[in-house]
Amino acid sequence: MTQLADRVYRDAAQIERLSALVAQLPDAGLIDLQLIDGSWRAAVVVVRPSLQTFLDPDGREGINAVVRVDDPASGRSDYLWIDEIARVRPVRSSERPFTD
């Protein structure tokens, strides 16, 4: 069953960007996420998502994904669309670049 999404992507470059974001999301991993609005949040990825086919509000088929993340401080769970993520940083200092 196809689900609805506000935004779907059909362009190869856009799909590659989404795929690269998914690859950076570790199962049960603690990460910092920068969202497209510029805000940052700490999160635990429950399970790495996979790209899926959705329909946009106009009925056009395209790609997006949803990831469930838990807030490590409150334990609250949220579902985020992958395209709302601008950047993923691992929390472990051995994996985090110290300069941007």
Side-chain angles (χ1 to χ4, degrees):
M1 176 184 211
T2 303
Q3 297 178 350
L4 297 177
D6 289 340
R7 296 163 309 278
V8 297
Y9 300 90
R10 292 174 287 285
D11 178 74
Q14 294 170 323
I15 293 170
E16 180 61 31
R17 176 188 170 276
L18 298 179
S19 181
L21 285 169
V22 166
Q24 296 176 56
L25 299 171
D27 285 334
L30 180 61
I31 56 171
D32 286 330
L33 294 175
Q34 183 180 30
L35 303 180
I36 58 173
D37 67 5
S39 65
W40 284 90
R41 67 184 288 182
V44 175
V45 176
V46 176
V47 175
R48 177 181 287 153
S50 58
L51 297 179
Q52 298 179 16
T53 302
F54 294 92
L55 295 176
D56 71 9
D58 296 323
R60 294 176 298 207
E61 190 174 80
I63 302 296
N64 209 333
V66 176
V67 61
R68 179 181 156 198
V69 295
D70 291 345
D71 182 311
S74 70
R76 188 181 101 198
S77 294
D78 288 310
Y79 291 88
L80 300 174
W81 288 99
I82 292 297
D83 68 332
E84 294 176 348
I85 299 172
R87 186 171 168 197
V88 177
R89 288 193 318 191
V91 169
R92 286 190 222 114
S93 62
S94 64
E95 298 173 4
R96 177 183 285 185
F98 289 98
T99 59
D100 290 336

Margin query: Given 3.5 Å as the limit, does a donor-acceptor pair link the side chain of Asp32 with the main chain of Trp40, or not?
Written below: no
Margin query: Run the side chain to side chain contact (heavy atoms under 4.5 Å, CB included) test on Val88 and Leu21 for me, step by step, so that the C-alpha distance in whole Å, both residues' side-chain angles and the decisive distance to 0.1 Å come before the verdict.
Written below: CA-CA 7 Å; Val88 177; Leu21 285 169; 4.1 Å; yes
Notebook entry, point to check: If you take all heavy atoms of Ala86 and Arg17, which pair is closest and at what distance?
Noted result: CA-NH2, 3.9 Å
Notebook entry, point to check: Do you know the tightest heavy-atom contact between Asp78 and Arg41?
Noted result: OD2-NH2, 2.7 Å
Item checked: Minimal non-hydrogen separation, Ile31 against Pro26, with atom names -> CG2-CD, 3.8 Å
Next item on the list: Would you please test Gln24 and Ile85 for side chain to side chain contact (heavy atoms under 4.5 Å, CB included) and show each step?
Entry: CA-CA 11 Å; Gln24 296 176 56; Ile85 299 172; over 6 Å; no
Notebook entry, point to check: What are the two closest heavy atoms between Ala73 and Asp71, and how far apart are they?
Noted result: N-OD1, 2.7 Å
Next item on the list: Report the distance from atom CD of Gln14 to atom CD1 of Ile63, rounding to the nearest 0.5 Å.
Entry: 11.5 Å
Item checked: Closest non-hydrogen atom pair between Leu55 and Val8, with its separation -> C-CG1, 4.1 Å
Next item on the list: Find out if a path of hydrophobic residues (ILVMFWY) with successive side-chain heavy-atom gaps under 4.5 Å connects Leu51 to Val46.
Entry: no
Note to self: Run Leu4 and Asp56 through side chain to side chain contact (heavy atoms under 4.5 Å, CB included) and show every step you take.
What the structure shows: CA-CA 6 Å; Leu4 297 177; Asp56 71 9; over 6 Å; no
Check: Any idea which heavy atoms bring Phe54 and Ala65 closest together, and the distance?
Finding: CE1-N, 4.0 Å
Margin query: Are Ile82 and Leu35 linked, directly or through intermediate hydrophobic residues, by side-chain heavy-atom contacts shorter than 4.5 Å (ILVMFWY only)?
Written below: yes
Check: OH/Tyr9 to CG/Asp83 distance, rounded to the nearest 0.5 angstrom?
Finding: 3.5 Å
Item checked: From CA spacing to verdict: side chain to side chain contact (heavy atoms under 4.5 Å, CB included), Arg68, Val47 -> CA-CA 7 Å; Arg68 179 181 156 198; Val47 175; over 6 Å; no
